[in-house]
Structure formats: C-alpha cells, structure tokens
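See below for the structure under consideration.
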Number of protein chains: 4
Amino acid sequence: MASATPSDRGDIAPRSFNRLDPRKLDQADLAEAYDRVRRSTEALIESLGPEDQNLQSMPDASPVKWHRAHTSWFFETFILKPHLPAYRPLDPGYEYLFNSYYNGVGRQYPRPRRGLISRPDQAAVTDYRRHVDGAIQQLLIQLDPPTLRQLAPLILLGLNHEQQHQELIVTDLKHAFSFNPAHPPCFGTRHEPSGQNAAFDWLGFEGGLFEFGHEGPAFAFDNEMPRHRAFLAPFELGSQPVSCAAYLAFMDDGGYERPELWLSDGWSWRQVEGIDAPLYWWREDGDWWHYSCTGARPVDPDSPICHLSFYEAWAFAEWSGARLPSELEWEHAVRALPIEGHFADRRRFHPEASAATGLTQAYGSVWEWTSSAYAAYPGFRPGKGAVGEYNGKFMANQMVLRGGSCATAAGHLRASYRNFFHPHQRWQFSGLRLARSAS
Amino acid sequence: MASATPSDRGDIAPRSFNRLDPRKLDQADLAEAYDRVRRSTEALIESLGPEDQNLQSMPDASPVKWHRAHTSWFFETFILKPHLPAYRPLDPGYEYLFNSYYNGVGRQYPRPRRGLISRPDQAAVTDYRRHVDGAIQQLLIQLDPPTLRQLAPLILLGLNHEQQHQELIVTDLKHAFSFNPAHPPCFGTRHEPSGQNAAFDWLGFEGGLFEFGHEGPAFAFDNEMPRHRAFLAPFELGSQPVSCAAYLAFMDDGGYERPELWLSDGWSWRQVEGIDAPLYWWREDGDWWHYSCTGARPVDPDSPICHLSFYEAWAFAEWSGARLPSELEWEHAVRALPIEGHFADRRRFHPEASAATGLTQAYGSVWEWTSSAYAAYPGFRPGKGAVGEYNGKFMANQMVLRGGSCATAAGHLRASYRNFFHPHQRWQFSGLRLARSAS
Amino acid sequence: MASATPSDRGDIAPRSFNRLDPRKLDQADLAEAYDRVRRSTEALIESLGPEDQNLQSMPDASPVKWHRAHTSWFFETFILKPHLPAYRPLDPGYEYLFNSYYNGVGRQYPRPRRGLISRPDQAAVTDYRRHVDGAIQQLLIQLDPPTLRQLAPLILLGLNHEQQHQELIVTDLKHAFSFNPAHPPCFGTRHEPSGQNAAFDWLGFEGGLFEFGHEGPAFAFDNEMPRHRAFLAPFELGSQPVSCAAYLAFMDDGGYERPELWLSDGWSWRQVEGIDAPLYWWREDGDWWHYSCTGARPVDPDSPICHLSFYEAWAFAEWSGARLPSELEWEHAVRALPIEGHFADRRRFHPEASAATGLTQAYGSVWEWTSSAYAAYPGFRPGKGAVGEYNGKFMANQMVLRGGSCATAAGHLRASYRNFFHPHQRWQFSGLRLARSAS
Amino acid sequence: MASATPSDRGDIAPRSFNRLDPRKLDQADLAEAYDRVRRSTEALIESLGPEDQNLQSMPDASPVKWHRAHTSWFFETFILKPHLPAYRPLDPGYEYLFNSYYNGVGRQYPRPRRGLISRPDQAAVTDYRRHVDGAIQQLLIQLDPPTLRQLAPLILLGLNHEQQHQELIVTDLKHAFSFNPAHPPCFGTRHEPSGQNAAFDWLGFEGGLFEFGHEGPAFAFDNEMPRHRAFLAPFELGSQPVSCAAYLAFMDDGGYERPELWLSDGWSWRQVEGIDAPLYWWREDGDWWHYSCTGARPVDPDSPICHLSFYEAWAFAEWSGARLPSELEWEHAVRALPIEGHFADRRRFHPEASAATGLTQAYGSVWEWTSSAYAAYPGFRPGKGAVGEYNGKFMANQMVLRGGSCATAAGHLRASYRNFFHPHQRWQFSGLRLARSAS
C-alpha cells in the first residue's frame, strides 16, 4: 500500500476498541478504529504481488484479494447500502462476487472458484477498498450521534470481521505458498527460535456451578451469548501448550501408527489422506523441517506444536494419558488472566517458546482445540437479518478452539471467544493444551 | 430357523434381564436370556432367502448374514476364547472376516466389501451360530458361580450387542430392499394405520442442577456413565414426536428450498445429494408414498415422521420456531416414565399414531434426534481391553438420539440410553420431538 | 441343474451351428442348438449357491443370476414378444430389470445396482429360464419353414449372445470371488500345469492389399462386416502368446517402474490404481501366486500371461522392442488356421502351456490385445431396430482383442471375430502376442 | 511487451519457415524465425494482467505464464543445455517447475497445481524468456554452419512447439475467463459476424490405394510419418464445416435427449456432466448466447459450430444420416488445396461464415473431429531421446482432429498435420465436417 510507512507497520494493532461499550464510542473513536483496522489489512499484504493475491489452494481457503474485497463488501452491504442513502456501489457485480455465504443477501459466486476471478484485479480491489473507506468516513461524519450509537455495534462487527479475515489472509496464503517447491516466505520477519520453555506443570481448578459466556456492553459475537450457568467437576490444565518436543515423542512412539490412540473417524482420515506428521512438516536427512510464513525452517522443539487437526490433538492427548479440556473448563481457567500474548502484532506468524510460569500462552501463540462440539449456548438467538447467518448456521460438525494465535489481531480476543473448525482441518495455527479430571 | 414355531414368534422379546443386577443372575437366568435373544434374531430373519441375507447397499450397512455371524463372533472373541479353554473355533478365518472394528483383536475385512462374501453362505453361518450357542451353553454349565458372576456383565454386553444388531438387520435390509423396484416386503406384518394422534401440547420443566447418566447395578453401556451433575435452564418439550402431517406442512411451505432454515453443512448436503423429501418417500399422482418394511404405502399423516437426517430435523425445528432438545433435557423429562412403547415386539416395524396424552412415545416409535453432539461424559472411562472400543472411539462428528424405535428390541432401552449417528444418516427410524426454552 | 448328468457336462460345446448358413437350419437343428446352448449355461453354474449367483463386485461386472435372466430376456424381447402372439411374460417387471442397455426397448435398471436385486431369487430365475425355453420350443414347432428361415439369424444372435454371457459369468464371478480371503474355487476342475512351451519364434507375413471381415452366409456379428479391403505392410508375429516367464522378466527388469515404457494414460492409470502386477497376482514368501478359477495357485512360467490391461500389454511390447499387432494383421495371419484351441469345453478356465509349433494358440487360451481401436469398418451399418445397439454404440475408447480364451464357448469364434474392452480393463482372460514390422 | 508496436502486431505470422528444408535455413533465417515466433507469443498476451496469466481452471489447461515459461524451458532443455557449453540457467528450480511431461528429463511439478505457483511471477517469466532468447541468438551466431544444419530441425521443433502453445494460451485462458460472471474479453478484436455461408454441398472422391503422411525435407512432427499406403473406398465430404444453424436444428430436434443418436460412452458423459449445449453456450430470453474471446455474443447461425466434444460431433453426424470422415479421407481430400484459411493472424479467435464454394475452410476456422483414433502409422518410430515423448505416448484414448483453427498460428498447418484430444474434451475450437460413404 503506497501510503503505508515503516512506522505504520510497527503499529498495526489498533487500540482496544473491543474493550469498550460501542455506544460510548464517538465519531472520532469510530473513525480512528475503522482507519486502523482497514490500514492494517493493507499493511499486512504490502509485499504480495498480484499473482500471490489471487491464489486459492483449496475450497476452504480464499484468495487474499477476495478477503480484501469481501471485507469491504461487508461494510457496503450491512452499513452503507441501508444507512447511506447517497451511496453508489462501485460495481454492481460485486454484490454477487464478494458475498461469502449470506443467503439473506442473495446468491453467491461458488466458493471453490474464487481463485478463477482475475478481474477485478488487485488494483481494482484497492480502488474498491478506497471507495468503501471514503463512504464510511463520510457516513461517520454525516450521522447524528443517536443514529451513530445505534450503528456502532454493526461497525464493530465489521471491524472484528475484518480482523478475522486478516488471520485468514495469513493462513490461506501460507497454505497456497506451501505448494511452491521454492518455499518462498509470505509474511512476517524471520527470527531465531526464542529459547526454552519453562518446565511443564499441572494446574488444578475447583469444580462448581459457574457462569460462562460474554457479559457486559463491550463487543462480542452472538455465539458467546447468552451468559449462562454450567457445572464443572474439578479438573487440571497443563501450564503451557503442548510443545513440538512432546509431539515428536508421540511420533517417535508410533503415534501415527496405533489405531487405539485415535478416534474412529480420525483414523479413517489419517489412512485416506496418508497423514503421518503435522501439516507443512517434512523429513530431510533425518531431521524434521516445516514450511513457516518466513520460509523453510527446522522444527524448534520448544515451540508450541501447531497445524494439528482435532484428530491429531485428540490422539496426542490419549497417548499422554490425558484429554482435551472442554471449552468451559478453558474459559473458567483463563477468566482472570490478562489478555496478553503472542499475537499478529509481533509479526512473527509462528508460535514460540515461553519461559513464563503459571498458566502461560493461553492467549495468542496457537488456537487450542477443545473437546467441545460447537453448539448454541442455552437460549442462543442469532442476530437479526442476514447478519444472523454469521455464526449460528455452522453449529454442526465443528469443534471449538480457544485463545487466538500468533496470526490473530491483537485486541481481538477475550475469554469467551469461540473459534470453530471441522475436526480434520489444520491449516490454522491450531495446537492444544492438555487437561485431566481431578482424581 | 427350523426350530421356531408360531408361538415362539409372539414371544421374541425376552424378559427384562436388563433391569436386574447381572451378578444376581444365576446360570439358568443367563442361559434363558441368551437363548431368547439368540432365537429372536433367527426368528426375525426366517422369511429371508439366502440372496436377501447377502445384500449390502452401502458401506454404512451390512448384510443380514454378516450381522448373524458378527454377533456370534462377539461371544466367541470376548467370552469363549478367553474363558472356555476347550473351545475350538469353527473356522479360523472368521476371526478376520467377522470382526467389525476392534483393532485390539486384529485386522478386519474391509467393511464396504462385506456384501462380496458369498462363502460362508447363510447355511454355514447358521452352523456357526449353533456352534457358538452350544459352546456358550456349555460354558454356562461349567463355570462355578463366582466366575459366572464375574462374566455376567460381559454376557449381558453380548446380548445387548446382539439386540442392537437386530435393529440394524431391519434397517440395513430395508435400505437394500428399497432399491428393488418391486418394493417387496421384508419384515413384519401389514396393518392399517392405527388412528389419530392426540392434540399436540407443550409440557414445561423446571430448571436446576440435576444428575444424569446411568446409576445402579443393572446393565448399561460405558457411554452412559459416569453419573454426573449438570445444570438445566427451564424448558418445554412437545408432547409427542413430530407427525408426518406437520412435516408435510413444512415441505409445502418450501422447507427444502429455503436455505435460511438449514445449517450450512445441512444445506450443502441437501444440494449435493439432491434431497427433497425424507428417505424412502416418493410422489405418485400428487400423493406421497413411502417404502415401508411391509411394502409400498401412502404416507399416513398421523404417524411420527421418520427416516430424517439430523439436518432435516434441525430445519424442521427452525421452521417451527422451536429447537431440538438437548440429550440432557430429554433424559430429565422422561426419567419418571415407565419404559413402555412401540418396540420391535409389535412386529410392525413402522411408527404409528398415538391417542395418548402427556409426554407420549418417548420410548419406541422413532429415535429422536437431540441437539447434543455425542461426547464423553465428564470422567468417562471406556471398558478395559478391546471391548473399550465399543463406544468411545466414535465420540466425534455424531449426534445423540434418544428413546429407541419400532425396530428396537423390547427391554433394551432405558432413560440414559444414548444412540448416535452422523448428522446426514437417515436409514434408522429417526425422527424428532420439538423443544423450546422457557420464556 | 437337476437334469444335468455327468455325461452332459463333457458335452457342453454344441456342434458348430455357427459354421452353417442359418437359413439352412431346420426346426430340429435350431431346437437342438437352442437346447444345448441353454443347458450349457445351467451346467456351468450348477455348483454355485444362491449367494454366489447374486454377487456384483464392480459396475463392469454383473451377477451370475442376472446373466441367466438377461439372456432369457433377450429371447423374450427380440423373438417371443414380436413373433409368438400367445406369449405371456412371466413377470412384467423383468422387461425393465433385465434390459442391459437397449434404449430402443425402454429404460433400464441401473447397472451398478444389479447386485442389490435379491428378488427374483435364483430359483425364480430358473423358472424364468424354463418359461422362456418352453415358449421358444413352442415357437420353433409352430412356425412355418419360411418364417423360421427369416427368424433363424435372430435365434443365432440370441445363442451367440448367450455364449458371450457364459464367458462373462466366468470372468465376473472370478472377479467377485477374488475378494474372498479364502480364495474359494468357482469354476472348472483343477489340473497340474500342462508342461513346457515350444521355443518362441518369429513368423513372417508378406504385405499387400487384402480383404478383411466376415463373408458368407454363416453367422457373424454386424461389427465384423462389411467385407472390405485394406493394405498391410510386411510384418512378423510371435509364434505363441507371451508367457508368464517372459512377463516376469519384464517385471524383474522394472517394467512397472519405468514411465518410458508406458503410454501416458497407462502410466497415470498405473499410478492412481497402484498397479504393480497382473490382476489377481500377489507375492508370498518371494513367489508369485494368483487367484484362478480353481483357487490359489503358484504362477506357472509356461502359461500364457493373462488378466493384463491394454496398457500393460503395450508396455511389455515396448520393453520387448516389439509392438502389438493390428487387428488386421492378426486376422490376416490366422485366416488359414483351423479354429481349434483351448476353449471353455476343456473346463480348465485358465490358459496353459503348449508344445505345438508354428502359429499356436491363436484361438482360445487368452484374448490377444491388438493395437487397433474398436471402430466401424468402412460402410458399417448396424442391425435394424434395438438389436442395432448390440455393437455399434461402443465404438469409442475401446481396443480390439482377438482369438477367444479358455472361457469362450467352443464353436463361438472365427477369424473375423472382434472383441473389445476399455484399455484399463483386465478382468477378462486378456494377454498378448508380439508383432513387429518387417525390416 | 514493451517493444511491440502496432505494426508488429499486424505481422505476427512469421513467413513460412515450415515450408522449407530446415537444413537449408541459414543463421539469419533461423534467427528471424525464432525472433518472430517468440515475439508473437508476447504480442498475444500483451493485454493480460499478472492475475490473468496465473489462472488455471482445470487440470487440462495451464496458466498463460506457465506456457510462456515452458516454451522457454523447451529451448533451454533440448538446445541450450546440450549445445551451448557456456549456458547458465537463470534458475535451477525451473527445470522441475516447467517440465510438462518429459520423464526422460526428470520429475515434473504436478500439472493440476500449476496455477498455485505465483512465484516466479509474470515479470520473472519475462526475464526468463529474455535470458533464453539471448542465449539462443548467441548460439545461432556461434555455431558453425554444419552444426547449425544439424540443429535446425530441433530449433524448428521448438518453434512449432511454441506455436502449439500459442493456441493453448488462447483456449486455456478462454476457459478460465468463462468462469468470470462479467464475461470479460481476453483476446482479439471484436467484429460483427461476417455474412452468410455458401449453400452446403456434397463433394465426391474416388477410392483407391493412396499414400498418406508427411514426405519431403520440410518440418513435420514424428506422428505424421512414415509416409505409407492405405486403401480408401469412395466417399463424399461436406463442402463446409457444420454451421451453428445446422447444429441448432439438431438441438431443436431433441439431439441431446435421444440416446439412440449417441455412442454409449458419450451418452454417459452427457448424463453425468449434465451437457445440453456446446461449451460456453447459455440461453437468455429464448436466445442462445456464447462466451467468445471478445466477450458475450449471440450465436451466429452462419458460423461454424465449435467447442464440441467428439461425442457431440458423432451424435450430430448420426442425426444427419451421415458420419465423420476418417483422418485419411480428410487428408486425401485436402491434399491439393492451398494452405490458407482463417488462422490466428486474423486476430478474431472465433470461426466465421464463408461464402466460398468447393471444399471450404478445411484449414483454419475449426479443428475437425475425425472418426480415427489417434494411433501410430505403420512403421512409426518416435524421435530419439526425451523428445521422443512429444507425441507417441499419447496414442491411446484420443481421436484425431484435422485442419487447424482460428487460434492456430498461420503457417503452422499442413495436410498431414494430426491433432488429438480425448473424446470428451471440447475447450479447443473443435467442430466437424460431415462425410458419407459413396453409394
């Protein structure tokens, strides 16, 4: 992006508008938040060429260019068209082309073919982003404060939506680049492994009837609500995410060849797909290497393991004589912790060792698979209108992950945040933390 | 089966050995229970020819002959081989051929090819059953009472296992026969529809912290344990399973064409598979017909709807402005009811209307899809050894169904019983009951 | 078949009605030919149980029971319905169920599901055969001689059609039985390998403008006509089919690992399907075994190699520095030979060594892949009506094989006979003979 | 391409170096031919953006960028590396990345993933082309005349290879752009339909023993040789390619719904793929439209029909009461005609009407499907070394097309030229001309 300067780049994490009551954000707050989030998307992709931005390596992933356009479409569709009467779309064909899955808005261009759309090209998408940005800033100026207060939650939804797509830009392009035999770097700056982990420890938690889910005026997705009670038996959590060293021990112990460690569907998946290592790993002269966002690297034993499917995480836990935590155990355990960690603002885009003690790296580093199927909380009601398709219709066949990763925007996470993927998917920075029931 | 007489057939539901403490069953009790369950399998299939028994219409289903052999293999593998030193297998090749999925026992013949095994033929499988039956009866006579008490739970597991396969014999062969354009009857006796349903009602339940799962000495599967506490918010349940009349109203209202009613995965399934009606339904001159175990029949509006996938059940509930119950809501609601209903002993093999009021047809008639993903209860431990593969390794991607069906053996069910299938599967007698959160 | 006696079995090859002008066959000739062909089908399957007869192991193959019914359907559809006014079908549903691919007759039950039809069972199919047999014999008696002369070619088509299905009964059931880990025998009598081959030789043929295709009044399929001229350059043919010993040398020399020996489509097929040996072969303790119609046997080096795809035959020829013959070269070379060889009447159902010299085993033993794509001869016209679908519509993507095999009915072959299969198919007794252009 | 000027563009068809004896071309001739062919590739793609050049819409097609690189790789691999000792590859990774299918050179990057290679980007590929171009020109200067005479055939092979890829650039990108709902133009200049066809006529040809294939010193591919004799019966050819008007009559007469018109494999293909019109056609308000290289257009009745599969061409011929010509009939009929027609130098990239009489549009306009399977001519020997993989290994499952198309480079064709595709493929400009046997 032409207007990005080096100093911008150090600053892509916007301040935490997500921690405040949206209705108390004024026009300047919203304008600044909007500007920072949108600029951070452009800063993220500034070293990518037009060909890079158009790649789609599987139906689950989308081209970078599509992400840049779709996030603009989101603001156009849910904010500009209904609330800015003078708004004129840049191109009427974009409504169809950049709708992801909102049936309430209309038909969608088939997802597996997004990579076949060379036109609009990346320059036209940049124009589209500017067009939408100009209109949003105009809208923020024009609206009277009461209307703005009403719209603020939707604007924050759009910003959080864009942050989610920032993470997908990283994971989707990493997946596409992994097919390039030259292992080109795609994101971030290269660092040496950051040292050694603290010793592993088990941390205990009392059982009881607790409250879960989001509460309060600050932004949250509909799937984090309503706040509700649930009962937990006493449990223990591992002090840190599982490391590559631990995972290598599982592999050396025949972890990928022993059906008794695997769920039945997981074992079938492993056999059909020929899986015998985490995604992006390969063996070279007896050593394990992996493709990272900064290129090919030897596996660092102290880094948290990532790019695991739920099936692999489950098998590892079984091998360890432990289990995965439920999403409610996880939420209960981290509730009191500050929301700090290794997020995308570090620009490493790979998890690293941590010498900290206590319950460490709960936020950032790697998404942690839980044992919980993604489902509605008791009393769940999706948002009104097409925005109600955001989360609710995916509540089948997926498992919850918690905590965010090294590719998640700083300021985006909270204790009640629920991510979800199908159990075989592993192109996210997905790892695990062990749990066990207190004896 | 040569020794079955008409009077036997009216009597295929064995008395409720499942309600007693297995360790209090003596040799005569066990011998009688064993004999009755095993004979009821043979009575079920007595009108089937050799070609019928060998059909396999999809990888999910198995040939009748295979079920008859596999249930014998179960007794041979887990009881005779370890506990009857003099036991000699009839054919050493059966260990591989009739192992379903127990990796702890050894490799298995590929499931999708079971229908390619013409030899051993059905007569040889009858011999195999007699061989195992003779050895089990011999074992029961030989064992001293303390050893018998130890073995009794495993024998009851074998009998419950066989009852489950009796139900699969019905559903699997019905599926295979559905491909025959002549719609031949396969099981049961033909009856006229049995009348009208009582009026639909909502029944309310208080919230609170309750206990769930199986408790006590009587038989239960490992997945129903341990007994544990969970919190329920107040809720309401429909008084009866959803009827065909209600489902037809959903269809008439465009239920299969409106993506907003469907889960995302469900909508994809519907589109890819071209689904626009329940399994086994077709339209003829403006009327809906279906293939039942007794042949082609017009759809009876008052019968509970069945052969739905979870996706269809979910869409119907959404269209109704309601939802599916969780498995714990279901269990809590039925706990006090007597375990009575329309089971396989009625030999109808299709659900029927009920004029009863209150919470009706919870047991029997149709399996009821719940909103709960099949998962381990807190503190779950699978059984020791290969038997531990019975339930635990399927705890991913499947949804819980409750209550049994018109094809379930009488005496087999209880309040804590958990059945589970993948959300797209619908060749079981699967329907639903509506729920809603109390306002 | 109840009426078959051991002496019948030695006699299943009917005398050569195929060598005569059909219009000169009288009622008694036709009745005898019909009776012998039909009885030989039943004699072939007399040791098969009902389950065996219902197996279908791939869409390319059909159940034995289906072959028995379809050949009866052929007489019913093309002879009885149009020519015997009093004829009543045994079951009106059979018209749909047992139509193979004649769109001119009506819709067909889907081929891949033929194995799902358990009813009519094999006993009902036996009744169907008797019903048709009785009606045909009645028709032969009733018709006046001129009408009979007109119908005779169609009756002979029906008999040759049935002979083709006799061969398919053998190859299709062999394929199905190959999935049974017990390797049960299915057809024929077990013999020791029959000795050593004569030495291999190259036999030369002059070039020139020659005539090809069938001529004369005797029966032939439409695809063997019209008689036409084509030019051949001088060529040489191998004196015998390629032996297992020669093929093992190809395998030992890395034949399955060297892409330069393969056609591009063949190499892809080999990789996708994981092919590294002929069909039905496996290695045990360093030796090659194969599943034959009489059970598991060690590979006999002197037997002609069989169960090869066109791709494998082509790669072997390439490795040999030779090529496959064209179908016209083959026809030209064998024209003068007597039509004798190892056919199904030997009841071995596997090719064997031959000590004969000269151009040997051209007829019988193994079908020989040629380099010729199956196509219409110049001026080809298919038969009138639905019978015209017999051959012509398959003239794409298939390669011609010549000469018949050990599973072909004796009396069925001639020099101009053209068989055809897709290049990847290998469940027929398909081998090859080498050719090369004369220098 | 920066150095291309408008005058260049009118001139992209190089003079006919293909008509001369390569050994008589001197250094200047070869340098000019090389320069013109290579520049015409760059002129062809000058309006394409980087995203356009990276698209791959199916495994059969390749990105434009890949074509530009692979044609350079061809010169590098077969000419520069063996014959210019000082040559240094620009990037050693390109040998693997841009090898199409030459196993003799080494392994290849998987064809279906060519569109996932964003780096090298199109600018780097332009550098690669310049690097190779510089080295070739240097080689041409350095080599002494006798060596040059030896190399000339290989250089001409490289140039003809590049011309073939020029055609694929057009057809592959047209296919990719067809998925863009905006129907953007990709190649050529838009013209109004060019008028009316002359009346259709049948033209007769005598039979006899004729010679076929290439002869003489000028360039030809190995598959056009050796010159050989074959016998033709008398036949007739349609005077012009089949027009859209004729094809629309076939469609209106139920051509896509009548199985009796189709080959069996063709009918299956039609059903499985849901084919009911030529590729790129759709219906809008009762009119047929199609996507052309210059964007969406109404179907012009007088244009030759194109983008047909062999199956569709065959069904049309059957419906017409005619047949496809054999490739030898075609070659015999056109031998005396001048090699003129509607080639790529017209920059229309779509066939057009012709008012000419006699045997018209045999060259250019549309490739004409023949009834001939692609196979070796008698005595065929592929070229030595890896270049021998160019044509020979594709001689299975493909049908021959003759005559070139509106996307073929002018000067590239001749009477003996054989193109070949699988019968279901239709993204080339493939149509047909009718034939019939003389009565």
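Letters A, B, ... mirror the listed sequences (proteins, then strands); counts begin at 1.
When Ala438(C), Ala396(C), Ala233(C), Ser437(C) are compared by the number of non-hydrogen pairs under 4.5 Å with chain D, Ala396(C) comes out ahead. If you tally non-hydrogen atom pairs under 4.5 Å between each of Glu260(D), Glu389(D), Met395(D) and chain C, the highest count goes to Met395(D). For the options Phe310(C), Phe394(C), Trp262(C), Phe235(C), heavy-atom pairs under 4.5 Å to chain D are most numerous at Phe394(C). Ranked by non-hydrogen atom pairs under 4.5 Å with chain C, the options Trp314(D), Tyr311(D), Tyr374(D) are led by Tyr311(D).
Trp369(D) places a side-chain N or O within 3.5 Å of a backbone atom of Leu308(D) that can act as its donor or acceptor partner. Looking only at distances, no side-chain donor or acceptor of Ser320(D) sits under 3.5 Å from a matching main-chain atom of Ala322(D). At distances below 3.5 Å, at least one donor-acceptor pair connects side-chain atoms of Ser372(D) with backbone N or O atoms of Glu327(D).
Judged by the 6.0 Å distance and 45° axis criteria, Arg402(C) is not positioned over the aromatic ring of Trp367(C).
At a 4.5 Å heavy-atom cutoff, the contact between His422(C) and chain D is made by side-chain atoms alone. Only the side chain of Asn103(C) comes within contact range of chain D, judged by heavy atoms closer than 4.5 Å. In this structure, the portions of Leu263(C) lying under 4.5 Å from any heavy atom of chain D include both its backbone and its side chain.
Classified by interplanar angle (parallel below 30°, tilted 30° to 60°, perpendicular above 60°), the ring pair His161(C)/Phe74(C) is parallel.
Arg323(C) has a carboxylate O that lies under 4.0 Å from a charged side-chain N of Glu329(C), or vice versa, which qualifies the two as a salt bridge.
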